[in-house]
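Report on the following structure.
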Amino acid sequence: MNPIHPGLQPLARAAARGDFEELEETLAVALARPAWLRPEHRIGDPKAYMRHLLYVDPADRFVITAITWLPGQASPVHGHQVWCLYGIAEGMLTEEQFGQDLKPLKASSYEPGQMADRDLDCSVIHRVSNRSSRPLVSLHLYGVQPENLTTGINRIYA
Ligand SMILES: [Fe+2]
């Protein structure tokens, strides 16, 4: 797991400080130049979107993950239990956001290098999907303790 790829170090420093403005800037750089992306990150799991753990904060404050989405794969509709920021390294990502009543609010699509809306106060409810015909790799930071990685990020609605 550690040491961290040099291309992700600035993100980790900003996240460790809790400086979200700097985190957005460094995330944009990491998305524009994804030298950290390894060939295996393009290989997904045909059953469901796949998380690759790239870095764990030694003080357990956050994790950095790449998520691989094969064509047609989508997350459930979910909110978050922790802060999160993400953007697109390769491929096209579609995000639909919903209100607290789960009525659709907006849909956006993002290209490589773009960041989607951040959720620092756990207010966003969304579904993320790959509606393209090619694999998608997104880069996510979550303010989650590593031992809670599987159950401590999402609040699932549907
Ligand atoms: Fe999410």
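Just so it is clear, the values below take in all heavy atoms, side chains as well, and ignore hydrogens, waters and symmetry mates. Read the numbers this way: they start at 1 and go in the same order the structure lists the ligands and their atoms. For this chain, numbers begin at 1 and follow the sequence in order.
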If you consider just the N/O/S atoms, which atom of His78 is the closest one to the Fe ion (ligand 1)? NE2

Taking backbone and side chain together, does His80 place any N/O/S atom at a distance below 2.8 Å from the Fe ion (ligand 1)? yes

In terms of relative ring orientation, are Tyr49 and Trp69 parallel, tilted or perpendicular, with 30° and 60° separating the classes? parallel

Is the Fe ion (ligand 1) less than 2.8 Å from an N/O/S atom of His140, whether that atom is in the backbone or a side chain? no

Would you call the rings of His80 and His78 parallel, tilted or perpendicular if under 30° counts as parallel and over 60° as perpendicular? perpendicular

Please give the atom name: the N, O or S atom of His126 nearest to the Fe ion (ligand 1). NE2

In terms of relative ring orientation, are Phe62 and Tyr55 parallel, tilted or perpendicular, with 30° and 60° separating the classes? tilted

Looking at Arg155, I'd like to know if its CZ atom is crowded, meaning that more than 12 non-hydrogen atoms belonging to other residues, nucleotides or ligands lie closer than 6.0 Å. yes

